[in-house]
Amino acid sequence: MRISLGTVSLLTHIRLLFLFAVAFVLLAAGLSLYLRASSKMPELTVISPKLAVYRADAAAYDTVVIGTSRTLYHVIPEILEAGMAAEGCRAPKVFNFGVHGLTGAEQDWLIDEILSIGADHLKHIILEDPLPEARDIANVTSERGRYFHGPSLWPASLASIQSFPESLPKRFFRTGIFLYGVGYDLSGVGRAAATAFPDQTEGVDATEAFRIEDGFEALDELDVPDILARRQDFLDNPQKFTDALALYANGVSPNLPARAAYMERKLRELEARGLQASLYVSPDPLELDRTPQVAEMLRKQAPDLQILNYNQPDKYPALFERAIWHDFSHVTRAGATRLSETMGRDLCAASTPIEERTANAVR
C-alpha cells in the first residue's frame, strides 16, 4: 500500500499539533500549580473572617461546631453553654464555625485548619453532615470553588461525591462538574492576572460581628436582598413547608449506607487524634429524606458515637413550628435559641454521668 507524501505530511502535522497541545497543557498546569503554591489564600466570605477570629483567641475555645449555614444560623454558643450548665455540666467554651454552602471536601480542609490553630486547646469537635459537592459550573469556577479544587482536596471531593445519598447518575454528573472544576483550576485561566493585580475592593468586615457571638449570626437580623427574598417566598408559600415535612415519612434517599460510613470515618479520624467527636444533625425540612436517616443508620452501626439528630419532627416537634422558621432551611434567632438550649441539655446528658451532674449542680 502506498502512502502519499501529502498523507505523511498531514500525519506529521497532527503529531506535532498533539505534542504541542500536551506541552501547552503541562506548562499551563505547572504554572497554575506554582501560582497556587506561591499565592496566599484568597479572602473568602465567612471563612476568612471566622478563621481570623478563631486564630486570635483559639486558646479560649475547647469546643468547635463545624457545619453549613444550618450551623452558622442555628447554633448560639452562649445558649448552648448555658444549657449544659443548667443541667449540671461544666460549660464548655464553644465557637460556631458554620459556613454557608460547606461541602464535604471543604469541611475536611476546615477541620485541618482548625486543628492546626487550636490543637493544644481543643477537646471536642461537633460535625454537621455537610452539603454535597457542586453541581453547578458557576460554583466550581468561583474564587472559592477554584481554591477548593486544588490537588490536595481531590481525594476528599471524590469521597464526598461517592458517599452522597443520591442516585448513581446524579453522582456521575456531580463527578463531571468536579472534573470541570479541576480542569479550570489547572488551566490557570485568570490566575496570573489575579496574582499580579489582586482585587482591591473592600468587602464587609464581619470579624467583629463573629467575635461578639463566637461565630453565630442571626439570619432574621440581616438586611440583605437575597435573604429578604427567601423570607418572602417562605411567607408566600406555607404549603411548601407542609409538603417538606412530609418528606420525613415518605421519602428515602438512595446510597444511605455509604453516607453513614463516610460520616463514621470522619468521626473516627477525629477520635484517633485524641478528640471527642460528635455528629450534629440540624432541623432542615428540605433534608428530611436524607440527614435523619443517615444519622439513625450511623447510630445503629456505631452505638458508641455521640449523635445529636434534631431533624426529626416526631421527636422534636417544637423545632418544626413554622413560627420559628425564617425560610425553608433556616430558623430565626428565636428558633436558634430553642435549638441551642436543647443541644446543650442533650450534650450534657450524653457526656456526663447523672451523679456527676447532680454534684456539679449543687456546688
Side-chain angles (χ1 to χ4, degrees), residues 65 67-76 98-104 127-136 139 163-167 169-171 173-174 217-222 224-256 259-260 263 279-299 307-343 346:
V65 187
T68 70
S69 59
R70 257 66 72 191
T71 295
L72 170 61
Y73 301 128
H74 289 189
V75 179
I76 308 177
V99 177
H100 60 81
L102 192 73
T103 69
L127 293 183
E128 181 190 352
D129 189 345
L131 294 175
E133 306 308 304
R135 285 186 62 190
D136 189 329
N139 286 332
S163 75
F164 198 72
E166 61 185 1
S167 66
K170 289 182 178 179
R171 281 181 277 141
F173 178 78
R174 206 181 292 278
E217 190 169 46
L219 184 63
D220 54 320
E221 296 170 11
L222 300 177
V224 179
D226 178 59
I227 292 173
L228 295 175
R230 292 208 306 264
R231 173 61 176 170
Q232 193 59 50
D233 180 51
F234 179 77
L235 294 174
D236 292 342
N237 297 282
Q239 186 59 42
K240 184 177 177 181
F241 187 78
T242 303
D243 293 343
L245 294 180
L247 290 172
Y248 185 54
N250 301 328
V252 177
S253 299
N255 209 36
L256 291 174
R259 190 62 170 189
M263 292 309 303
L279 173 66
Y280 143 74
V281 181
S282 178
D284 186 352
L286 299 183
E287 294 287 354
L288 281 169
D289 60 340
R290 178 177 74 86
T291 57
Q293 290 88 342
V294 170
E296 292 312 302
M297 188 171 289
L298 178 55
R299 192 193 302 277
I307 298 171
L308 306 170
N309 183 5
Y310 298 112
N311 205 17
Q312 300 183 92
D314 54 344
K315 294 185 179 180
Y316 300 96
L319 298 179
F320 289 87
E321 294 176 4
R322 193 167 183 271
I324 67 170
W325 286 81
H326 181 267
D327 58 33
F328 294 105
S329 293
H330 306 97
V331 296
T332 61
R333 180 183 285 274
T337 298
R338 188 177 295 183
L339 172 62
S340 300
E341 288 174 345
T342 304
M343 194 170 175
D346 291 347

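The shortest side-chain heavy-atom distance between Tyr73 and Leu222 falls under the 4.5 Å cut-off. For the pair Tyr310/Leu308, a side-chain contact is recorded, criterion being any heavy-atom separation below 4.5 Å from C-beta on. With contacts defined as side-chain heavy-atom distances shorter than 4.5 Å, the pair Asp327/Leu219 qualifies. Counting heavy atoms from C-beta on, the side chains of Pro292 and Tyr248 come closer than 4.5 Å. Counting heavy atoms from C-beta outward, Thr337 and Ile76 have side chains that approach closer than 4.5 Å. When side chains are defined from C-beta on, Leu298 counts as touching Ile307, because their heavy atoms get closer than 4.5 Å.
Just one residue in the list Glu166, Lys170, Arg171 forms a side-chain contact (heavy atoms from CB on, under 4.5 Å) with Asn255, and that residue is Arg171.
With rounding to the nearest 0.5 angstrom, the CG atom of Asn309 is 6.0 Å from the CZ atom of Arg299. Taking NE2 of His330 as the start and NE2 of His100 as the end, the distance is 10.0 Å to the nearest 0.5 Å. Note: Phe328 CZ to Glu287 CD = 14.5 Å, rounded to the nearest 0.5 Å.
Counted by atom type alone, Asn311 and Tyr316 present zero donor-acceptor pairs between their side chains at under 3.5 Å. Remark: the Asp129 side chain and the Thr291 side chain contain no N/O donor-acceptor pair separated by less than 3.5 Å. No hydrogens or angles considered: a donor-acceptor pair under 3.5 Å links the side chains of Gln239 and Asp243. For the 3.5 Å distance criterion, the side chains of Ser253 and Arg290 fail to qualify, holding no donor opposite an acceptor.
Under the 4.0 Å criterion applied to side-chain N and carboxylate O atoms, Asp220 and Arg231 are not assigned as salt-bridge partners.
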